[in-house]
*Asks:* 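Just passing along the structure, written as structure tokens.
Within every chain, numbering begins at 1; the chains are lettered A, B, ... in the order of the sequence lines, protein sequences first and strands thereafter.
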There are 2 protein chains.
Amino acid sequence: MGTDARELVHRLQDLLRGVRLIKQRRAEERPVIPLGLVGILSQLDGLADGCHARELALHARLDPSTVSRAVATLVAHGLVERRPDPTDRRAQVLALTPDGRTALTDAHDWYARLLDRALAGWTADEVTALGAGLRRFTRDLEVALENHENLEAAR
Amino acid sequence: MGTDARELVHRLQDLLRGVRLIKQRRAEERPVIPLGLVGILSQLDGLADGCHARELALHARLDPSTVSRAVATLVAHGLVERRPDPTDRRAQVLALTPDGRTALTDAHDWYARLLDRALAGWTADEVTALGAGLRRFTRDLEVALENHENLEAAR
DNA sequence: GGCAAACTTGCCTGCTGGGCAAGTTTTGTA
DNA sequence: TACAAAACTTGCCCAGCAGGCAAGTTTGCC
């Protein structure tokens with residue numbers, strides 16, 4: 001299956017180029033949310049009760065200091081708020097502010113509109129299939145990366 | 001179709017995280033080819049007769065100065081050679097050296113091995129379908145981005 | 001009480017791009 | 001023939017996105 005994996009490497013290379021171009025386009029809009037922080041906001045979006053910085057860092061696979069700084073930026077922009085966690089005074093509950101929710105919706109709308117245009121000639125089933133394939137691939141990739149770590153450690 | 005596009009945004013976010021982790025892993029190997037230059041080398045790989053820097057920049061959607069510097073790095077590493085183009089003395093033909101070809105094969109092998117592990121539970125058809133979906137998506141995305149540019153220009 | 005967790009911030013680094021400017025040589029066209 | 005554009009390079013500088021280490025404080029757990 002090496003040929004297929006190799007082909008997929010090329011497909012990913014192409015995709016990354018496309019993503020780079022997307023980001024350039026988006027940057028021209030001067031968005032409220034710094035491009036690199038949309039992911040963090042997205043993660044918070046799904047959590048009605050907010051979460052701790054530790055969980056953000058774990059999920060995003062980012063260094064805690066990186067997350068701490070990202071959160072500080074988002075708090076400074078009024079997009080995220082820190083609330084005391086009565087069950088663990090060392091930590092704070094991070095949650096989207098209404099402004100943050102608005103900004104995130106705007107960002108997602110922008111990206112979705114662009115993707116809508118890209119997918120204009122696709123059927124709903126085709127789009128769903130691509131999404132499902134990517135979901136599965138990403139999950140399997142993370143498993144492979146975990147195993148890669150374990151293989152390296154065993155060397 | 002907004003929901004699907006929005007879902008795809010999330011899928012891409014996840015994928016980018018995976019790619020980031022891949023790159024980290026790869027960086028630990030201290031590869032001969034700087035990570036960011038694999039794409040340039042890959043592009044040269046498909047060209048038996050080499051090409052000009054202009055073509056690299058066009059295809060990679062990178063600024064000419066960026067490409068010029070990338071090429072300079074690759075030449076310094078002995079991975080790319082510059083040959084005079086007798087048909088256009090302003091330009092040079094850039095081509096992979098044997099060392100470059102070896103380094104590129106190593107890089108692709110590394111990535112392909114990782115992807116092989118990720119795809120261990122996939123059928124060949126499933127892999128091919130994902131590759132085809134990505135190819136189509138990337139192409140349609142670039143078209144959408146072009147149109148996005150035209151839309152902005154018309155505003 | 002001691003140690004670890006949770007977090008923050010300072011300091012610094014590296015990578016991956018971009019942009020502008022300036023310069024030289026070559027090519028194409030009027 | 002003259003001129004403008006193409007092709008490219010390099011200096012200078014910038015921005016964004018991460019990482020890492022260290023140090024510090026507070027809190028939680030055993």
*Asks:* Could I get the full list of salt bridge (Lys or Arg N to Asp or Glu O under 4.0 Å) partners for A:Glu55, not counting sequence neighbours?
*Replies:* none

*Asks:* Could I get a table of every N or O pair under 3.5 Å where one atom is in the protein and the other is in nucleotides 28-30 of chain D?
*Replies:*
from   : atom 1 : to      : atom 2 : distance (Å)
D:dG28 : OP1    : A:Arg89 : N      : 2.8

*Asks:* Can you list every pair that meets side chain to side chain donor-acceptor pair (under 3.5 Å) and has a residue in residues 127-137 of chain B, with sequence neighbours left out?
*Replies:* A:Glu7-B:Arg135, A:Glu126-B:Arg136

*Asks:* Could you tell me, to 10°, how much the axis swings from one end of the helix from C:dG1-D:dC30 to C:dA30-D:dT1 to the other, five pairs per end?
*Replies:* 30°

*Asks:* Output side-chain donor-acceptor pairs under 3.5 Å for residues 30-51 of chain A, partner residues at least two apart or in another chain, one line each.
*Replies:*
from    : atom 1 : to       : atom 2 : distance (Å)
A:Ser42 : OG     : A:Val38  : O      : 3.0
A:Ser42 : OG     : A:His108 : NE2    : 3.0
A:Ser42 : OG     : B:Gln13  : NE2    : 3.2
A:Gln43 : OE1    : A:His59  : ND1    : 3.1
A:Asp45 : OD1    : A:Arg101 : NH1    : 2.9

*Asks:* Not counting sequence neighbours, list each pair that qualifies as a ring-ring contact (aromatic ring centres under 6.0 Å, His included) and has a residue in residues 68-87 of chain B.
*Replies:* none

*Asks:* A:Thr105: what forms a side-chain hydrogen bond (donor to acceptor under 3.5 Å, both in side chains) with it, not counting sequence neighbours?
*Replies:*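 Residues passing side-chain hydrogen bond (donor to acceptor under 3.5 Å, both in side chains) with A:Thr105: none at all.
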
*Asks:* Tell me every residue that passes salt bridge (Lys or Arg N to Asp or Glu O under 4.0 Å) with A:Asp109, counting only those two or more places apart in sequence or in another chain.
*Replies:* B:Arg6

*Asks:* Please determine if a side-chain N or O atom of B:Ser65 lies less than 4.0 Å away from the OP1 or OP2 oxygen of C:dG19.
*Replies:*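 For C:dG19, OP1/OP2 do not have a side-chain N/O of B:Ser65 under 4.0 Å.
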
*Asks:* If only side-chain N and O atoms count, and only distance matters, is there a donor-acceptor pair under 3.5 Å linking B:Thr87 with B:Asp85?
*Replies:*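 Yes, B:Thr87 and B:Asp85 have a side-chain donor paired with an acceptor closer than 3.5 Å.
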
*Asks:* Taking side chain to side chain donor-acceptor pair (under 3.5 Å) as the cut-off, I'd like each qualifying pair that reaches into residues 64-76 of chain A, sequence neighbours left out, listed once.
*Replies:* A:Asp63-A:Ser65, A:Ser65-A:Arg69

*Asks:* With sequence neighbours excluded, tell me which residues meet salt bridge (Lys or Arg N to Asp or Glu O under 4.0 Å) with B:Arg26.
*Replies:* none

*Asks:* Can you list everything that forms a salt bridge (Lys or Arg N to Asp or Glu O under 4.0 Å) with A:Arg90? Sequence neighbours excluded, please.
*Replies:* A:Asp88

*Asks:* Distances for protein N/O vs nucleotides 11-15 of chain C N/O pairs under 3.5 angstrom?
*Replies:*
from   : atom 1 : to      : atom 2 : distance (Å)
C:dC11 : N4     : A:Arg69 : NH1    : 3.2

